Amino acid sequence: MENPRRSIRGYLPEPVPRNTIEDVLRTARAAPSGANLQPGRFHVLTGKPLADLCSALLDASESGRPQVEEYSYFPKPMPPHLKVRQRDAGYALYTALGINRRDLEGRRHQFARNYRFFDAPVGIVVTIERQMGKGCFMDLGMALYGLIAAATDRGLSTCGIGALANHGDVVAECLRLAENELVVCGVALGYADPDHPANATRTSRLQLEDYTAFYGFEDPAPRRPEPQS
């Protein structure tokens, strides 16, 4: 059965009621966390505050302003087997949009849509306290997936936006964040536009046997995932 959760990059202008968003965030906060620290904060924007943030991010991106990198999102260097997945995901998106590999301007324009939250009516900025350990990022990730799953259950769509951290300092200035708040990512939230070509994108998922090992089960035969080089 197809997983109903997909990254949506085209939205209808229909607003999302605040009480619906609050319900979604309460579900997200129910995620487990070590020592019940409940790390992370969600800054929810719509209307003019969202437009102002998007404008500041686009200005920063288009001016060539140096990016900040306060945490490493991807492995460096990217291992070959992961690079293949990254390229396949990009190819799927650009194919759906009709952007060929030599269309550098088209690719740049599409990437800039990250900083517009893909024109969703709601943008969420996710932060975490700087002193939190790596395990707290894992806990925040569980809360994020709780948010995404709860939104999906309510007929909403989402897209995570890791690129937001590229200009975390701009976000911090716009939202007047506390000094100890680190910008982790953004989340676009709204109702999917069924006619937007980006929403035709489909990415593959690993097969169960590629990432799972079973022990003590009789059938099927135990099999360990192949080691990655």
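If you're wondering where the values come from, they're calculated on a predicted model, not measured in any experiment.
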Do the side chains of [Y] and [X] get nearer than 4.5 Å, heavy atoms only?
| X | Y | value |
| --- | --- | --- |
| Ile124 | Val122 | yes |
| Leu45 | Leu175 | yes |
| Ile128 | Cys136 | yes |
| Met142 | Pro32 | yes |
| Met132 | Leu140 | no |
| Glu69 | Asn166 | no |
| Pro39 | Ser33 | yes |
| Arg5 | Ile148 | yes |

#### Entry: Fellow cluster residues of Leu104, listed by chain then number, with links counted only when side-chain atoms sit under 4.5 Å apart
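Joined to Leu104, directly or through intermediates: none.
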### Query
Rest of the hydrophobic cluster containing Tyr91 (Ile/Leu/Val/Met/Phe/Trp/Tyr, side-chain heavy atoms under 4.5 Å)?
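Result for Tyr91 is none, singleton.
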Do [X] and [Y] sit in one hydrophobic cluster, given that two such residues count as connected whenever their side-chain heavy atoms are within less than 4.5 Å of each other, even indirectly?
| X | Y | answer |
| --- | --- | --- |
| Tyr115 | Tyr11 | yes |
| Leu189 | Ile161 | no |
| Val44 | Leu53 | no |
| Val16 | Phe42 | yes |
| Leu37 | Met138 | no |

### Message
Tell me every residue that passes ring-ring contact (aromatic ring centres under 6.0 Å, His included) with Phe117, counting only those two or more places apart in sequence or in another chain.
### Response
none
### Partners meeting side-chain contact (heavy atoms from CB on, under 4.5 Å) with Tyr94 (sequence neighbours left out)
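Ile99, Arg107, Gln110.
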As an exercise, state the distance from [atom1] of [X] to [atom2] of [Y], rounded to the nearest 0.5 Å.
| X | Y | atom1 | atom2 | answer |
| --- | --- | --- | --- | --- |
| His167 | Asp59 | NE2 | CG | 10.5 Å |
| His109 | Asp103 | NE2 | CG | 10.5 Å |
| Gln67 | Asp169 | CD | CG | 10.0 Å |
| Ile21 | Leu25 | CD1 | CG | 7.5 Å |

Quick one: closest heavy-atom pair of [X] and [Y], and the distance?
| X | Y | value |
| --- | --- | --- |
| Gly123 | Leu50 | N-CD2, 3.8 Å |
| Pro121 | Pro15 | CB-CA, 4.4 Å |
| Tyr191 | Gly155 | CD2-O, 3.7 Å |
| Arg29 | Gly40 | NH1-O, 3.1 Å |

### Task
Show your reasoning for whether side-chain contact (heavy atoms from CB on, under 4.5 Å) applies to Val126 and Arg41.
CA-CA 6 Å; Val126 183; Arg41 290 176 57 84; over 6 Å; no
### Message
Tell me if the centroids of the rings in Phe118 and His196 come within less than 6.0 Å of each other.
### Response
no
### Query
Under 4.0 Å between a Lys/Arg side-chain N and an Asp/Glu carboxylate O for Asp88 and Arg85?
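No, no charged N to carboxylate O under 4.0 Å.
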Donor-acceptor check, side chain of [X] to backbone of [Y], threshold 3.5 angstrom: yes or no?
| X | Y | value |
| --- | --- | --- |
| Asp210 | Gln207 | yes |
| Asp52 | Pro49 | no |
| Thr201 | Ala198 | yes |
| Ser61 | Leu57 | no |
| Arg113 | Asp119 | no |
| Asn199 | Ala192 | no |
| Ser63 | Ala60 | yes |

### Task
Decide side-chain contact (heavy atoms from CB on, under 4.5 Å) for Thr27 and Arg154; before the verdict, give the C-alpha distance in whole Å, the side-chain angles of both, and the deciding distance to 0.1 Å.
CA-CA 12 Å; Thr27 300; Arg154 289 162 175 78; 4.0 Å; yes
Do any side-chain atoms of residues 179-188 form donor-acceptor pairs under 3.5 angstrom with protein atoms, and if so which ones, sequence neighbours left out?
{"residue": "Glu181", "atom": "OE1", "partner": "His43", "partner atom": "NE2", "Å": "2.9"}
{"residue": "Glu181", "atom": "OE1", "partner": "Thr127", "partner atom": "OG1", "Å": "2.6"}

### Message
Testing the 3.5 Å rule here: is there a donor-acceptor pair between the side chains of Arg205 and Thr203?
### Response
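Per modelled atom types, Arg205 and Thr203 side chains form a pair under 3.5 Å.
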Might you confirm whether atom [atom1] of [X] has over 12 heavy atoms from other residues, nucleotides or ligands at distances under 6.0 Å?
| X | atom1 | answer |
| --- | --- | --- |
| Tyr73 | OH | no |
| Arg101 | CZ | no |
| Glu173 | CD | no |

### Query
Is the Phe217 ring parallel, tilted or perpendicular to the Phe214 ring (thresholds 30°, 60°)?
perpendicular
### Pairs involving residues 122-134, ordered by first then second residue, that meet salt bridge (charged side-chain N to carboxylate O under 4.0 Å, His left out) (sequence neighbours left out)
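Applying salt bridge (charged side-chain N to carboxylate O under 4.0 Å, His left out) to every pair that reaches into residues 122-134, excluding sequence neighbours, yields Glu70-Arg130.
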### Task
Decide yes or no on side-chain contact (heavy atoms from CB on, under 4.5 Å) for Val170 and Arg65, but give the supporting numbers first.
CA-CA 10 Å; Val170 175; Arg65 189 177 188 273; 3.4 Å; yes
